[in-house]
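What follows is a set of notes on a single structure, which appears directly below.
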Amino acid sequence: MSSFLLGGVAVACFAIGLFFFGYWRSSRDRFFLFFMLSFWIESANRAGMAIFQSFNEASPHYLIRLLSYALILAAIWDKNRPGR
């Protein structure tokens with residue numbers, strides 16, 4: 001059951017990334033590019049967890065999530081920089 005749910009979350013993250021890709025194509029704003037990459041990294045991470053069934057805490061999935069969330073923080077910081 002958990003593999004099924006992880007697959008659903010992976011598809012949802014990929015679809016959200018597609019929305020941000022569309023916004024990026026129309027505006028060319030790096031904010032949307034960072035969000036797109038973040039959601040696609042998260043999608044690949046969840047799909048990898050479902051395929052390899054690695055749900056333990058010793059796996060490197062937390063580092064990949066950290067990268068994904070760091071991209072979101074970088075997007076917010078980049079958007080709010082003074083003098084932009």
Side-chain angles (χ1 to χ4, degrees):
M1 183 67 166
S2 59
S3 294
F4 176 75
L5 292 174
L6 281 171
V9 171
V11 169
C13 286
F14 186 78
I16 293 168
L18 283 176
F19 278 111
F20 282 117
F21 178 69
Y23 296 144
W24 175 75
R25 281 188 53 196
S26 65
S27 69
R28 296 292 184 202
D29 190 0
R30 284 186 302 205
F31 181 78
F32 297 122
L33 180 68
F34 286 157
F35 267 74
M36 176 198 70
L37 289 174
S38 175
F39 276 100
W40 282 355
I41 289 170
E42 188 65 29
S43 174
N45 183 33
R46 299 294 175 132
M49 286 175 67
I51 290 170
F52 299 116
Q53 295 184 358
S54 57
F55 308 117
N56 60 2
E57 293 182 14
S59 63
H61 298 292
Y62 291 108
L63 295 175
I64 297 171
R65 276 192 201 154
L66 180 65
L67 171 67
S68 176
Y69 297 149
L71 275 172
I72 291 174
L73 289 175
I76 294 169
W77 176 81
D78 185 49
K79 190 71 170 177
N80 292 310
R81 276 187 309 165
R84 179 165 179 204

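All values reported here derive from a predicted model rather than from experimental measurement.
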With I41 via side chain to side chain contact (heavy atoms under 4.5 Å, CB included) - residues at least two apart: I64, L67, S68, L71
Would you list the pairs meeting salt bridge (charged side-chain N to carboxylate O under 4.0 Å, His left out) in which at least one residue belongs to residues 61-76, sequence neighbours left out? E42-R65
My understanding is that only residues two or more places apart in sequence, or in another chain, count here; which of them pass side chain to side chain donor-acceptor pair (under 3.5 Å) with S43? none
Identified side chain to side chain contact (heavy atoms under 4.5 Å, CB included) partner of F39 from the options F19, F21, F34, F20: F20
F32: which residues meet the ring-ring contact (aromatic ring centres under 6.0 Å, His included) condition with it, sequence neighbours left out? Y23
For I76, give me all partners under side chain to side chain contact (heavy atoms under 4.5 Å, CB included), at least two apart in sequence or on another chain. F31, I72, N80
Sequence-distant partners of F14, ring-ring contact (aromatic ring centres under 6.0 Å, His included), two or more places apart: W40
Could you check whether any side-chain heavy atom of L73 comes within less than 4.5 Å of a side-chain heavy atom of Y69, counting everything from C-beta outward? no
Distance from L18 atom CG to M36 atom CE, nearest 0.5 Å? 9.5 Å
Would you be so kind as to tabulate the donor-acceptor pairs closer than 3.5 Å made by side chains of residues 5-12, with sequence neighbours excluded?
none

